[in-house]
S.K.: 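This is the structure I want to talk about, given as structure tokens.
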Amino acid sequence: MYGKLKNLIGKILAEKFAFDGFFQVSPAPKFTGCDYATNAGRKFDENQLQAFREELLKTGIFEKVKFIPPFTNLKLKMDFLRNSFSEIFEEKPKTKRKEKILIEFVSANPTGLLHIGHLRGAVIGDTLSRILKESGFDVIKEYYVNDRGRQIDLLTQSILAIKNKKPVPEGGYQGKEIEEIAEKIKDKSGEEIKEFAVACLLDEIKKDLKKIDVEFDSFFSEKKLYEDKKVDEILEILKKKNAVFEKEGALWLDVKEADEKDRVLVKSDRSATYFLSDIAYHYDKFKRAQILINIWGADHHGYVARVKKAISILGFNPENLKVILYQIVRLKRGNEVLKMSKRDGTYLLARDVIDEVGRDAVRFFLISRKADAQFDFDLELAKKKTNQNPVFYLQYAHARICSVFEKAKTKSEDFEVKNLNLLGEETRELLKKACEFEDVLKNCVEDFSPHYLTVYLSELATLFHNFYEKTRVITDDIEVTSARLSLLKGILQILRRGLNLLGISAPEKM
RNA sequence: GCCCCCAUAGCUCAACUGGAUAGAGCACCGGUCUUCGGAACCGGGUGUUAGAGGUUCAAAUCCUCUUGGGGGCGCCA
């Protein structure tokens, strides 16, 4: 709807007023008695305003055009609203976008099990992927596996120590999952243990992600990056760009102007840093896609500037790498903040949380806040099967509509949309909201912010419940009944699509 | 010490990206059931948008400083 109005107003401005600057279309506040507002005419004089008003009325879609400086408020004709609504039912061919997007998320080290923070990254990445796909992009979901290096060596040492009943090395790994691996390694050699352990842990990680319906198209191995000589290659390329210099026996990348200081690529012991292999990884990603999205925990923010700089040295536009940083999640039970200590055994794993509150609640709550805000996840609230819980509120709207169709002895899928012209003023707000679905998806894509969708669906559900309480759907009047069922069919369709994009179930009965 | 993110109603969060009188849910009080699902709906009030300046016709939003919370700054990953 916003897109539509913006196009229409933009056209009038360009054709009749030779104006092509920036303007907005926003919802009109209640007191105006209008639907939408635009600030497009804020610099017009009295004559221009009159002309603008006439041009707007000439389109035939506005019932009222009301000027309150600096806004022009617009009230839509019901006819236009009903027509816009009916487009929901049209099978539109998806507009194919030419850019391929590679979205990398979770990428937790295979040295242990996932925790709640990883889940936030997982849900943001997965939901965003779904929305991007729905919007016509070709999307690759990728998990970068750090299956080599110091942490993995430490993992191997920890496993051997546990097996030999010796103390785990400083900063090493322990826990039930590590003990289980130690029991299974028998007389495997060092390299075999590494591979085995990584495979086992990655398998556990995949199982957890599967529980909340997060699956990847590819798992990219850091080790393979080395084996395929991609790391050596990238060093040569960077050298050719004259961006590498030697100091104190190490090789450095000249990123000082973007980052705080220059960064080491190859240490004085000739081994590569994580930074170097990461550049190689991003180089590889850019060969496979035009737009990269990385979803990282906020503790990686210091890393963004240097990676972007490295990318631009390689000749790619750093703007085509979008890094979404998400802040930490605190777990609460009611008012009590859970202290997460591995030592006290109070540490809640991702799987514990999923098992306790369920997939739908985990996904909904973790996606319903913008990524860069810290977030308190209340396990008590997430578990509640009452109206306090927004997940159930949404699903209830869906189930309620299903039950109306059941009562009407028809199926929503088979129901033929008709008599929309019989929908009256009482459906205005609901129709409007329904017509804004595409705008919301567009906002999600433009901002890489999937959380708008949860806000929107909750609002849509509220308006539906509101309408439902006031207006009987199934009446003695067959014509009116079919009009209202048509309305419900549209709402149902949006709820389903929306819930599906969020990866939340849309139950027909609850 | 330097850098990044955050601060909105008692609580959890929105605010269409610089717009009008800052909105929802929860909590609290009261109401709505012979009718399609009461897991719902309706009504009631709450704000110095952490604070102080600045830019703008217009600031929760942009700039500067202060306070508080989180995080990052090694030839770590």
S.K.: Report which part of the nucleic acid A:A397 touches: base, sugar-phosphate, or nothing (heavy-atom distance under 4.0 Å, all strands).
M.R.: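 Nothing: the residue A:A397, judged by heavy atoms under 4.0 Å, touches no strand.
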S.K.: How is A:S26 classified with respect to the nucleic acid when contacts are heavy atoms under 4.0 Å: base, sugar-phosphate, or nothing?
M.R.: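 No contact.
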S.K.: Taking any heavy-atom pair under 4.0 Å as a contact, classify A:R472: base, sugar-phosphate, or nothing.
M.R.: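 The residue A:R472 makes base contact.
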S.K.: Which residues in residues 261-275 of chain A have a heavy atom closer than 4.0 Å to any atom of RNA chain B?
M.R.: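 Listed by number, they are A:K261, A:V264, A:K267, A:S268, A:T273, A:Y274.
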S.K.: Could you check whether A:P69 gets within reach of a base, just the sugar-phosphate, or nothing at all, counting any heavy atom under 4.0 Å?
M.R.: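 Answer is nothing: A:P69 stays at 4.0 Å or more from every strand.
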S.K.: Of all the nucleotides listed (B:rC75, B:rA14, B:rC6), which has the minimum atom distance to the side chain of A:E248?
M.R.: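 Nearest to the side-chain atoms of A:E248, counting from C-beta on, is B:rC75.
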S.K.: Can you list every salt bridge (Lys or Arg N to Asp or Glu O under 4.0 Å) pair that touches residues 469-483 of chain A, not counting sequence neighbours?
M.R.: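 Non-adjacent pairs meeting salt bridge (Lys or Arg N to Asp or Glu O under 4.0 Å): A:R400-A:E469.
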S.K.: In terms of side-chain heavy atoms, does A:E142 have a donor or acceptor partner in A:Y281 at a distance below 3.5 Å?
M.R.: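 A:E142 vs A:Y281: donor-acceptor pair found between side chains.
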S.K.: Are OP1 or OP2 of B:rA77 and a side-chain N or O of A:N109 less than 4.0 angstrom apart?
M.R.: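 No, no such contact exists.
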S.K.: Looking only at non-hydrogen atoms, find the nearest pair between A:A434 and A:I494 and report the distance.
M.R.: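 Scanning both residues, the minimum pair turns out to be O-CD1, 3.5 Å.
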S.K.: Tell me, please, which residues at least two apart from A:D284 pass salt bridge (charged side-chain N to carboxylate O under 4.0 Å, His left out).
M.R.: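 If we apply the salt bridge (charged side-chain N to carboxylate O under 4.0 Å, His left out) test to A:D284, skipping adjacent residues, the hits are A:K230, A:R288.
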S.K.: When we call it a touch if two heavy atoms are under 4.0 Å apart, what does A:E459 touch: a base, just sugar-phosphate, or nothing?
M.R.: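 A:E459: no heavy atom of the nucleic acid under 4.0 Å.
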S.K.: Among the nucleotides B:rC36, B:rA14, B:rC3, which one has an atom lying closest to any side-chain atom of A:V404?
M.R.: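 The answer is B:rC36.
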S.K.: Nearest whole angstrom, please: distance from the P of B:rG25 to the CG of A:L463.
M.R.: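 Result: 11 Å.
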S.K.: Just to confirm, is there a sub-4.0 Å distance from OP1 or OP2 of B:rG25 to any side-chain nitrogen or oxygen of A:H465?
M.R.: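 No, no such contact exists.
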S.K.: Is a side-chain donor-acceptor pair under 3.5 Å present for A:E222 with A:Y274?
M.R.: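 No - no donor-acceptor pair under 3.5 Å links their side chains.
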S.K.: Please tell me which of the listed nucleotides, B:rU12, B:rA14, B:rA40, lies nearest to the side chain of A:Y396?
M.R.: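 For A:Y396, the side-chain atoms sit closest to B:rA40.
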S.K.: Check whether any side-chain N or O of A:Q327 sits under 4.0 Å from OP1 or OP2 of B:rC6, and answer yes or no.
M.R.: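 No, because none of the side-chain N or O atoms of A:Q327 sits under 4.0 Å from OP1 or OP2 of B:rC6.
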S.K.: Could you report the tightest heavy-atom contact between A:H118 and A:Y326, atom names first, then the distance?
M.R.: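 Heavy atoms only, the tightest pair is CA-OH, 4.3 Å.
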S.K.: Looking at B:rA20, B:rC13, B:rA77, which one has an atom nearest to any side-chain atom of A:Y303?
M.R.: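 Looking only at heavy atoms from C-beta outward on A:Y303, the closest nucleotide is B:rA77.
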S.K.: Contact class for A:V455 vs. all strands (heavy atom < 4.0 Å): base, sugar-phosphate, or nothing?
M.R.: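 Touches sugar-phosphate only.
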S.K.: Side chains of A:N294 and A:H282: is there a donor and an acceptor less than 3.5 Å apart?
M.R.: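 Yes, side-chain donor-acceptor contact under 3.5 Å.
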S.K.: Is a side-chain N or O of A:N146 found less than 3.5 angstrom from the main chain of A:N109, in a donor-acceptor match?
M.R.: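 It does not hold such a pair.
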S.K.: Can you tell me if A:S505 uses its side chain to pair, donor with acceptor, with the backbone of A:P507 under 3.5 Å?
M.R.: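 Not confirmed, A:S505 side chain does not pair with A:P507 backbone.
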S.K.: Residues of residues 408-420 of chain A with any non-hydrogen atom less than 4.0 angstrom from an atom of RNA chain B: list those, numerically ordered, please.
M.R.: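 Those residues: none at all.
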S.K.: Can you check whether any acceptor in the base of B:rA20 is under 3.5 Å from a donor in the side chain of A:N73, or vice versa?
M.R.: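 Check passes, donor-acceptor contact within cut-off.
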S.K.: Looking only at side chains, do A:Y144 and A:S221 share a donor and an acceptor under 3.5 Å apart?
M.R.: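 Absent: no donor and acceptor within the cut-off.
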S.K.: Under 4.0 angstrom, heavy atoms only, what part of the nucleic acid is A:K43 near: base, sugar-phosphate, or nothing?
M.R.: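 Answer is nothing: A:K43 stays at 4.0 Å or more from every strand.
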S.K.: If you find the nucleotide of RNA chain B closest to A:R306 and the one closest to A:F22, which residue's nucleotide is nearer the 5' end?
M.R.: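 Comparing both residues, the 5'-ward one is A:F22.
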S.K.: Which one, B:rG18, B:rA14, B:rC75, comes nearest to the side chain of A:Q24?
M.R.: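 Among the listed nucleotides, the one closest to the side chain of A:Q24 is B:rG18.
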S.K.: Classify the nucleic acid contact of A:E446 as base, sugar-phosphate or nothing, counting any heavy atom under 4.0 Å across all strands shown.
M.R.: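 A:E446: no heavy atom of the nucleic acid under 4.0 Å.
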S.K.: Does A:N39 contact B:rG19 through a side-chain donor or acceptor facing the base, at a distance under 3.5 Å?
M.R.: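 Side chain to base: pair found, below 3.5 Å.
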S.K.: Between A:A250 and A:T38, name the one whose nearest nucleotide on RNA chain B is closer to the 5' end.
M.R.: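 Counting from the 5' end, the first nearest nucleotide belongs to A:T38.
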S.K.: Compute the centroid of each ring, for A:F44 and then for A:F17, and state whether the two points are separated by less than 6.0 Å.
M.R.: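 For A:F44 and A:F17, the ring centres are under 6.0 Å apart.
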S.K.: Give the stems involving RNA chain B, where a stem is 3 or more consecutive Watson-Crick or G-U wobble pairs (i with j, i+1 with j-1, and so on) under 3.5 Å.
M.R.: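 Result, WC/G-U stems under 3.5 Å: B:1-7 with B:67-73, B:10-13 with B:23-26, B:28-32 with B:40-44, B:50-54 with B:62-66.
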S.K.: Among the nucleotides B:rC36, B:rG72, B:rA40, which one has an atom lying closest to any side-chain atom of A:Y468?
M.R.: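 Out of B:rC36, B:rG72, B:rA40, the nucleotide with an atom closest to A:Y468's side chain is B:rC36.
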S.K.: Is it the case that A:K75 places NZ or CZ above or below the six-membered ring of A:F62, under 6.0 angstrom from the centre and within 45 degrees of the axis?
M.R.: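 Judged by the rule, A:K75 and A:F62 form no cation-pi pair.
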S.K.: For a quick test of your reading: what N or O donor-acceptor pairs under 3.5 Å do the side chains of residues 406-416 of chain A make, sequence neighbours left out?
M.R.:
| unit_1 | atom_1 | unit_2 | atom_2 | d |
| --- | --- | --- | --- | --- |
| A:E406 | OE1 | A:K509 | NZ | 2.7 |
| A:E406 | OE2 | A:K509 | NZ | 3.4 |
| A:E413 | OE2 | A:R496 | NH1 | 3.3 |

S.K.: Between B:rG71, B:rU12, B:rA77, which one does the side chain of A:Q151 approach most closely?
M.R.: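 So the side chain of A:Q151 is nearest to B:rA77.
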S.K.: Centroid distance below 5.5 Å plus an interplanar angle below 30 degrees: do A:Y393 and B:rA39 meet both conditions?
M.R.: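 Check failed, A:Y393 does not stack on base of B:rA39.
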S.K.: Measuring from the side chain of A:I328 (C-beta onward, heavy atoms only), which nucleotide among B:rA14, B:rC57, B:rG70 has the closest atom?
M.R.: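 Closest nucleotide among those given: B:rG70.
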